[in-house]
Amino acid sequence: MAAFDENPFASLLKVGRPENALPGNLSEALASQLQGITGLVIYPSSLAVSKGILYALGRKDIDKYLLIGACQRSQLGTFLKFAVGKGTAELQGLKLYLATCPTSHEPAMLIRQALPYTCPVLVGTTAALGCGDRLGIATPGHVRAVRGTGLAGIFAQQSIREMTRTERTPEEVMDAATWGVMQEGYRTGFGSDADHLKTTVDIDRCLSVGFTMFTVDPGEHVDDAADSASQSEVAVKFEQLPWDGLESTPGDCRNRYVGQTFKLPELTLDFSEETLFRAAVKYGRAVAHTVKMYRHLLEKAGEGNFELEMSVDETETPTSPSEHFFIASELCRLGVKWVSLAPRFVGDFEKGVDYKGDLARFEECFAQHVAIARELGPYKISIHSGSDKFSIYPIAARLAGQLVHLKTAGTSYLEALRVIAEIKPVLFREVLEFARSRYHEDRASYHVSADLNKVPGTPELSDQQLPGILDQFDGRQMLHVTFGSVLTWKEGRQYRFRDRLLLALRQNEQRYYQQLERHLGRHAAPFRKA
Ligand code: ZN
């Protein structure tokens with residue numbers, strides 16, 4: 001009965017496991033004692049024990065540190081290589097060797113081994129909320145928005161395009177999610193999404209740092225002209241498809257579809273020759289490219305170790321049910337396994353603002369996409385540019401149930417700017433005017449329609465009115481698409497805004513987390529499991 005004789009902390013160190021949170025009173029006591037010893041403000045929820053080692057995350061000013069402690073110095077192992085501080089202290093009656101490490105990449109890799117819940121996992125066909133974080137400081141807020149909803153939170157999510165624009169690397173994206181999850185002690189498991197990958201080089205970059213989901217974007221291989229081309233033009237283009245890559249022939253393909261009626265529980269699809277030609281011409285090359293990307297992943301990661309999404313959301317024309325059916329049945333035939341597919345929906349999914357279009361029409365089309373996803377999967381329907389589309393969430397939640405992946409990214413940056421508008425009005429005014437000067441150029445690759453003439457000039461606004469810009473359509477969009485310029489603009493060797501924005505947000509991190517919890521919580525609420 002030795003456990004009863006020992007102090008609770010000693011027995012916890014011996015038998016505690018990473019997947020179990022420490023009892024609340026003990027973590028509060030440990031946090032305050034550790035604070036007294038190290039001078040770090042410890043996040044009580046970050047405390048964890050694994051194999052006799054105590055782990056904690058703390059902050060000093062705006063910098064965060066990993067703190068580890070164990071009864072034997074040797075237990076601290078490789079962490080010591082990166083330690084910036086070492087010492088011994090008595091904690092809850094035990095003498096511990098302590099070390100502090102920076103929250104940099106190598107310690108993050110070690111933490112992912114020691115505390116498996118800080119590693120992303122496969123989330124399969126659980127409904128998911130994608131939470132992109134362009135600043136690298138939002139994960140604790142994302143955790144709070146998702147916690148208790150039953151949704152899988154995708155906390156490490158960024159496209160290669162966004163990484164380029166924000167000068168971040170896949171390592172930084174993954175590490176930020178790891179530290180954020182540790183800080184909040186979120187042990188439910190989270191997903192990752194290497195978003196909008198266009199090449200196998202992109203895949204390799206993200207695979208090497210532990211991404212588990214890969215969104216393949218074959219948009220460049222989609223032939224948008226197929227919708228409007230003449231019948232004879234599409235007939236010629238059909239013959240010219242990459243049949244080797246599709247492991248088929250024009251004749252075989254015709255036999256699979258033309259004259260066939262596919263009866264799905266809630267939908268019947270008739271394929272005429274023209275229907276097939278247009279679908280195949282539009283998406284055939286995209287299918288072939290997706291197969292190539294999938295097989296590359298299969299070879300590099302191994303079956304069962306990754307998840308795939310296919311996205312054609314950033315193309316010109318909506319994906320019809322027949323086209324969706326063609327894509328999915330061809331991917332099936334070619335042995336591709338995927339967890340989600342992002343069609344190009346009807347209506348406008350502009351960045352950072354609500355859905356623009358006919359809701360009844362959206363509902364009808366979304367129901368058809370879901371019917372196909374249930375029949376040929378099941379897989380999830382992925383909604384890209386999904387932030388702030390409050391009018392469609394109830395529809396999507398009702399029709400798709402679990403089979404939905406709502407992807408957001410820029411909205412967390414916008415909510416950061418809202419906090420800046422509240423606490424640093426002078427800085428916000430500067431950002432707003434700079435964004436105005438950049439909008440014309442930065443909007444090029446985005447689907448937006450903001451009119452700068454409708455964004456109020458800063459001299460007209462009182463400080464109290466500044467946060468309201470984030471609720472104004474044109475202002476919100478203008479700020480949404482200019483993030484890359486705002487975050488990476490340099491004057492000489494100094495960033496013009498980045499460091500000041502991050503400093504203010506780090507100094508007021510709880511305020512930012514609360515804002516994210518509120519805002520992304522509104523995204524999660526319609527989808528939460530009853
Ligand atoms: Zn997208």
Side-chain angles (χ1 to χ4, degrees), residues 123 127-134 152 154-166 168 170 173 191-199 202-203 206 211 213-222 224 282-283 286-287 289-290 293 307-319 323-324 327 338-357 362 365-366 369 373 379-389 392-393 396 400 403-414 442-449 477 480-481 483-484 520 523:
V123 304
L129 180 63
C131 303
D133 171 17
R134 289 167 181 169
I154 312 296
F155 300 142
Q157 175 209 299
Q158 204 156 44
S159 65
I160 294 286
R161 176 180 67 190
E162 285 171 358
M163 287 187 222
T164 309
R165 288 201 179 161
T166 53
R168 299 180 78 210
V173 173
S192 60
D193 181 358
D195 201 9
H196 280 285
L197 304 185
K198 308 216 172 193
T199 66
D202 294 347
I203 289 179
C206 297
F211 276 85
M213 182 180 132
F214 299 81
T215 296
V216 170
D217 175 0
E220 288 162 11
H221 306 270
V222 173
D224 278 304
K282 188 167 170 186
Y283 288 113
V287 167
H289 180 73
T290 303
M293 297 280 272
E307 295 173 323
L308 188 85
E309 171 169 313
M310 183 209 201
S311 73
V312 289
D313 64 297
E314 292 191 356
T315 55
E316 280 302 308
T317 54
T319 311
E323 290 162 354
H324 179 171
I327 293 169
W338 71 101
V339 293
S340 45
L341 188 144
R344 163 74 161 82
F345 294 109
V346 292
D348 281 319
F349 280 69
E350 290 191 11
K351 295 286 180 186
V353 295
D354 205 344
Y355 177 72
K356 286 167 79 180
F362 173 80
C365 296
F366 192 82
H369 287 305
Y379 52 87
K380 294 182 276 194
I381 296 297
S382 186
I383 305 175
H384 285 221
S385 302
S387 73
D388 307 282
K389 306 290 179 291
I392 63 164
Y393 301 155
L403 294 181
V404 67
H405 181 149
L406 181 66
K407 229 180 252 204
T408 78
T411 205
S412 294
Y413 165 75
L414 289 173
D442 290 352
R443 66 170 293 180
S445 60
Y446 287 102
H447 189 50
V448 285
S449 63
Q477 265 199 346
H480 190 293
V481 298
F483 72 92
L520 283 158
H523 290 70

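Residues: numbered from 1 along the sequence shown. Atoms within each ligand, like the ligands themselves, are counted from 1 in listed order.
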> For the residue pair H369 and F345, does the interplanar ring angle fall in the parallel (under 30°), tilted (30 to 60°) or perpendicular (over 60°) class?
Replying inline: perpendicular
>> What do you get for the angle at the Zn ion (ligand 1) between ND1 on H384 and NE2 on H196, to the nearest 10 degrees?
In response: 100°
> Is the Zn ion (ligand 1) under 2.8 Å from any N, O or S atom of D217?
Replying inline: no
>> Only N/O/S atoms count here: what is the atom of D313 closest to the Zn ion (ligand 1) called?
In response: OD2
> Hey, are D193 and K407 close enough for a salt bridge, meaning a charged N less than 4.0 Å from a carboxylate O?
Replying inline: yes
> Relative to each other, are the rings of Y379 and W338 parallel, tilted or perpendicular (30° and 60° limits)?
Replying inline: tilted
>> Pair F349, H447 - check ring-ring contact (aromatic ring centres under 6.0 Å, His included), show working.
In response: CA-CA 8 Å; F349 280 69; H447 189 50; 9.0 Å; no
